[in-house]
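Order of the sequence lines sets the chain letters (A, B, ...), proteins ahead of strands, with each chain counted from 1. It should be emphasised that the depicted structure is a prediction, and the values quoted were computed from it without experimental measurement. Excluded from the calculations below are hydrogen atoms, water molecules and symmetry mates; all remaining heavy atoms, backbone and side chain alike, are included.
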Protein chains: 2
Amino acid sequence: MTEVASSPAPATDDRHVRIGEAAQLAGVSERTLRYYEEIGLLNPSGHSAGGCREYGAAALARVARIRELQELIGLNLEEIRGVVTREDRIGSLRDAFNQTDDPRERSALVLEALDMTEALHARVAAKVERIAEFRDELADRVAHYRALLAERATEAEERSAS
Amino acid sequence: MTEVASSPAPATDDRHVRIGEAAQLAGVSERTLRYYEEIGLLNPSGHSAGGCREYGAAALARVARIRELQELIGLNLEEIRGVVTREDRIGSLRDAFNQTDDPRERSALVLEALDMTEALHARVAAKVERIAEFRDELADRVAHYRALLAERATEAEERSAS
DNA sequence: GTGCCATCTTACGTGAACGTCAAATCTGTG
DNA sequence: CACAGATTTGACGTTCACGTAAGATGGCAC
């Protein structure tokens with residue numbers, strides 16, 4: 001998968017795309033990207049001179065995360081805003097962590113990040129439990145039907161053997 | 001859990017409740033129950049002489065199933081209608097199964113029920129996989145922060161020991 | 001029969017998450 | 001520069017899953 005660049009591709013991966021390609025890549029509509037910006041969920045990485053939105057890799061990753069939280073976990077955009085805001089805060093905590101030498105402060109920062117992550121983890125874990133239960137129930141039914149089918153087949157064999 | 005009936009409770013569990021109590025028991029609004037009926041998702045077990053809806057245990061169980069599919073799996077009511085319709089069909093298949101003696105027909109009926117259940121199972125299983133992955137990722141982060149905290153604590157001890 | 005609360009039908013309202021359309025502007029190409 | 005196509009900012013429309021209010025009935029105690 002090593003790509004032979006026909007043009008000298010920039011080593012730094014800060015390529016920006018405009019809204020059309022960004023929407024394509026993220027698998028959402030342009031309207032959705034603008035809407036996310038409206039409600040303070042996602043800011044473009046920057047803007048062109050003329051005012052066109054420019055999306056970088058980080059912004060696209062954020063869209064992916066938003067969709068994940070939305071479709072997989074079932075959070076609404078307001079809740080998602082809470083989560084990603086906290087994650088942003090974790091990022092700035094990381095910066096703060098690297099800039100302070102006070103060990104007590106560093107511990108406090110880590111503790112905050114830990115709490116945030118634990119809360120989301122608990123929620124997701126609970127959901128996994130419930131869905132897994134659901135899945136197992138379905139698996140049982142599938143096994144039940146399979147057993148019934150096998151029984152049918154056995155009877156058929158016996159009949160043809162008699 | 002053997003209940004001592006203060007009044008001669010009917011041995012048969014075909015008690016019916018009206019919409020108010022049904023909504024309470026199911027944890028939804030009365031409007032929701034009527035709406036489900038509107039869109040052909042749920043029919044009351046019967047009606048009183050005057051026209052009041054009467055809900056039995058089966059109807060209440062169906063509401064629970066609907067909510068499960070909605071909140072847990074994230075299906076919309078149209079998709080849910082598809083699922084429960086197929087489940088109803090499985091029920092009628094069971095009846096047909098018990099009323100026929102033709103082994104080929106019995107196999108065919110079981111096979112149909114199997115297919116339906118397998119399809120839903122596959123969908124749910126896929127979702128569990130993805131969410132579990134998500135959960136594990138979060139667990140990793142939690143562990144990471146915990147490790148960082150432990151490191152902080154150790155350093156603090158060393159400092160106080162010196 | 002008379003209250004009184006629950007329930008009925010009908011119908012309009014709502015919030016979330018976008019869709020869609022119009023008119024102006026930007027961007028890249030010949 | 002001229003032109004085509006992408007993008008911009010409003011602003012109104014839409015779908016889903018109900019909420020809510022109004023007026024008429026039902027169910028039941030007294």
| request: Kindly write out the residues that satisfy side-chain contact (heavy atoms from CB on, under 4.5 Å) with R146(A), not counting sequence neighbours, or none if the list is empty. | output: V142(A), L114(B), E118(B)
| If we only count heavy atoms from C-beta on, is the V28(B) to Y35(B) side-chain gap below 4.5 Å? | no
| said: Is the phosphate of dT27(C) approached by S48(A) (side-chain N or O, under 4.0 Å from OP1 or OP2)? | reply: yes
| How many Å lie between CD on E37(A) and C1' on dG10(D), as a whole number? | 14 Å
| dT20(D) phosphate, OP1 or OP2: any side-chain N/O from S29(B) under 4.0 angstrom? | no
| Of all residues at least two apart in sequence or in a different chain, which pass the side-chain hydrogen bond (donor to acceptor under 3.5 Å, both in side chains) check with R135(B)? | none
| request: Take atom CD of Q24(A) and atom C1' of dA6(D), then tell me their distance rounded to the nearest Å. | output: 13 Å
Side-chain donor-acceptor pairs under 3.5 Å in residues 38-48 of chain A, sequence neighbours left out?
{"residue": "E38(A)", "atom": "OE2", "partner": "R31(A)", "partner atom": "NH1", "Å": "3.0"}
{"residue": "S45(A)", "atom": "OG", "partner": "G56(A)", "partner atom": "N", "Å": "2.7"}
{"residue": "S48(A)", "atom": "OG", "partner": "G50(A)", "partner atom": "N", "Å": "3.3"}
{"residue": "S48(A)", "atom": "OG", "partner": "G51(A)", "partner atom": "N", "Å": "3.3"}
{"residue": "S48(A)", "atom": "OG", "partner": "C52(A)", "partner atom": "N", "Å": "2.9"}

| request: Could you tell me the separation between the CD atom of E79(B) and the C1' atom of dA17(D), rounded to a whole number of Å? | output: 14 Å
| field | Qualifying side-chain hydrogen bond (donor to acceptor under 3.5 Å, both in side chains) pairs with a residue from residues 83-92 of chain A, counting only residues at least two apart or across chains | value | R62(A)-D88(A), R65(A)-E87(A), R89(A)-E112(A)
| note | In 5'-to-3' order, the base (B), backbone-only (S) or no-contact (-) status of each nucleotide in nucleotides 1-17 of chain C, using a 4.0 angstrom heavy-atom cut-off, is -----SSSB-------B
| field | All side-chain hydrogen bond (donor to acceptor under 3.5 Å, both in side chains) counterparts of E105(B), not counting sequence neighbours | value | T100(B)
